**Q** 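Dropping a structure here in structure tokens format, bear with me for questions.
Quick caveat: nothing in here was measured; it's all calculated off a predicted structure. Counting convention: from 1, in listed order, for ligands and their atoms alike.
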Amino acid sequence: MTITMPSDCKYSVDTELVHVEGNEDQYHASSVPIYQSATFKQPCLEHMGKFDYTRSGNPTRSVLQVHLAKLMKAKHAFVTSNGMSALDMILRCCKSNSHVVAGNDLYGGSDRLLSFNQRQYGFKVDNVDTSDLAAFEAALRPDTNLVLIESPTNPRISICDIRAIVKITRSKAKDALLVMDNTMLSPVLCNPLDFGYDIVYESATKYLSGHHDLMGGVIATKSDEIAKSVFFNINAMGAAMAPFECFLLLRGIKTMGLRVERAQQNAIEIAKFLKSKGLQVNFPGLDPDAKSTAIFYSFARGPGAVMSVFTGDVEVSKTIVNTTKLFEISVSFGAVNSLISMPAYMSHASIKKEVRDARGLSEDLIRICVGIENVDDLKADLENALAQANFKQN
Ligand SMILES: *Cc1c(COP(=O)(O)O)cnc(C)c1O
């Protein structure tokens, strides 16, 4: 499958990912150097020079930010120490007592940060099922300040119509900042700014870096005004990404097209395989007739490589997770290697059981994040685990 960028990009995404512009290194180094320097000398007292202090700006970071702005179809991009600090920098653009409408199946850390803002700054946060557009519309107020969504959500893989969210928000709460967390799809598969979002942010710890060797976040926008506020916050709070991480991220991004394409191909095959074994599989587009599939493909170029399955039996799930060898037990996703986890015991353990149950995060739920290994090896690993667990098709 060839993934092409929407028409206003000069080249296809695979080409854009590899070609990094704006490297002003004096020796024309092919790889952007790490400017591991906190300070930069001024040419004289009267002139500042392009960089002075790495909290405010750094040459390695600048090249990365220009590269990401291009890939995310933005005018401005900023990299931060991790995904959560990216969201924090965005939320700090909001006044005290802001009204926020957010998804009800957000990343756990995002929930925690919103709760903190609720306690600390009087935010009023309404969490809604964003796949239910009527419920979403009902939650909006004329003075809503911020809308925060994810699609698909993780690990439930619930899909919301991100284009419809824009339309509804603009008609009912025209001043609200529209924000999307695009970590699950990455810029290879979705560009929310094209659909009218004000800000898109991602955890660069996942697909952007791809090797679980760094933590990072990225914030992208087309608006000069938003960029000004975000940069103020990053500089004031000191949340920018360090030069070495910028270098690693520049390196990781080059192979993102290949990585996402291969992981996705593997994931499609594994999702079908698990479904054929009788498991209930949550994966975008698995059922070609479903309405959600049409909605999904109205904004995404592919399903990605994260899925979840219900076995109907916690013990069966535990045995599967403990038996796989290639699928390592770990939180996170987006790296080259395959991972497996049980959200109720790991990433989502901090959520109260009643809330988890209401969100459909039952204890038998297994999350599978597919990497770029040979797909037959991956299938054999899962086949063996299902046999060990004595999983029987209902
Ligand atoms: C991991 C993740 C984050 C947080 O990013 P960190 O880099 O871990 O701080 C935010 N949103 C989603 C959807 C994530 O998966």
**Q** Do any N or O atoms from the side chain of D25 and from the backbone of A29 form a donor-acceptor pair under 3.5 angstrom?
**A**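 Side chain of D25 to backbone of A29, a donor-acceptor pair under 3.5 Å: yes, one is there.
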
**Q** Who's the nearest protein heavy-atom neighbour of atom 4 (C) of ligand 1, and how far?
**A**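 Here the closest protein heavy atom is Y107 CE2, 3.5 Å.
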
**Q** What part of M184 sits under 4.0 Å from ligand 1 if we count only heavy atoms: the side chain, the backbone, both or neither?
**A**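 The answer is neither.
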
**Q** Looking at T183, which atoms of ligand 1 are within less than 4.0 Å of one of its heavy atoms?
**A**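 So the atoms of ligand 1 that pass are 11 (N), 12 (C), 13 (C), 14 (C), 15 (O).
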
**Q** Out of all atoms in ligand 1, which are within 4.0 Å of some heavy atom of F333? Include the element for each.
**A**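 Result: 15 (O).
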
**Q** Among residues two or more places apart or on two chains, list those pairs meeting side chain to side chain donor-acceptor pair (under 3.5 Å) that have a residue in residues 364-374.
**A**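 Checked against side chain to side chain donor-acceptor pair (under 3.5 Å) - neighbours excluded - the pairs reaching residues 364-374 are N154-R367, S338-E373, S362-D364.
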
**Q** Tell me the protein heavy atom at minimum distance from atom 6 (P) of ligand 1, and give that distance in Å.
**A**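 Among all protein heavy atoms, the one nearest atom 6 (P) of ligand 1 is G83 N, 3.3 Å.
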
**Q** If you round to the nearest 0.5 Å, how far is CG of L365 from CZ of F310?
**A**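 So the gap between those two atoms works out to 4.5 Å.
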
**Q** In a check of side chain to side chain donor-acceptor pair (under 3.5 Å) between K70 and each of Q65, E16, H19, which one passes?
**A**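 With K70 as partner, side chain to side chain donor-acceptor pair (under 3.5 Å) holds for just one option, E16.
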
**Q** Taking both backbone and side-chain atoms of Y201, is any N or O found less than 3.5 Å from an N or O belonging to ligand 1?
**A**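 No, Y201 has no N/O under 3.5 Å of an N/O on ligand 1.
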
**Q** Please work out whether any backbone atom (N, CA, C, O) or any side-chain heavy atom from C-beta onward of M215 is under 4.0 Å from ligand 1, and answer side chain, backbone, both or neither.
**A**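 Only the side chain of M215 comes within reach of ligand 1.
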
**Q** For D161, is there an ion pair with R163 - N to carboxylate O distance below 4.0 angstrom?
**A**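 Looking at R163 and D161, the cut-off is not met.
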
**Q** Taking the six-membered ring of Y107, is NZ or CZ of K206 closer than 6.0 Å to its centre and within 45° of its axis?
**A**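 Yes, K206 and Y107 form such a contact.
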
**Q** Under 3.5 Å between some N or O of ligand 1 and some N or O of N154?
**A**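 In this structure, N154 places no N or O atom under 3.5 Å from an N or O of ligand 1.
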
**Q** Looking only at N/O atoms, are D181 and ligand 1 under 3.5 Å apart anywhere?
**A**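 Yes, D181 has an N/O under 3.5 Å of an N/O on ligand 1.
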
**Q** Just jot down the ligand 1 atoms closer than 4.0 angstrom to any heavy atom of S203, in number order.
**A**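 Within the 4.0 Å cut-off of S203, ligand 1 contributes 1 (C), 2 (C), 3 (C), 4 (C), 5 (O), 6 (P), 7 (O).
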
**Q** Any salt bridge linking D111 with R356? Criterion: basic side-chain nitrogen under 4.0 Å from a carboxylate oxygen.
**A**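 Salt bridge between D111 and R356, a charged N being under 4.0 Å from a carboxylate O: no.
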
**Q** Any idea which atoms of ligand 1 are less than 4.0 Å away from a heavy-atom of G216?
**A**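 The atoms of ligand 1 under 4.0 Å from a heavy atom of G216 are 7 (O).
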
**Q** Flag K206 as yes when one of its N or O atoms lies below 3.5 Å from any N or O atom of ligand 1, and as no otherwise.
**A**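 Among all N and O atoms of K206, at least one is under 3.5 Å from an N or O of ligand 1.
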
**Q** A385 and T324: which non-hydrogen atoms are nearest, and at how many Å?
**A**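 Closest heavy-atom pair between A385 and T324: CB-CG2, 3.7 Å.
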
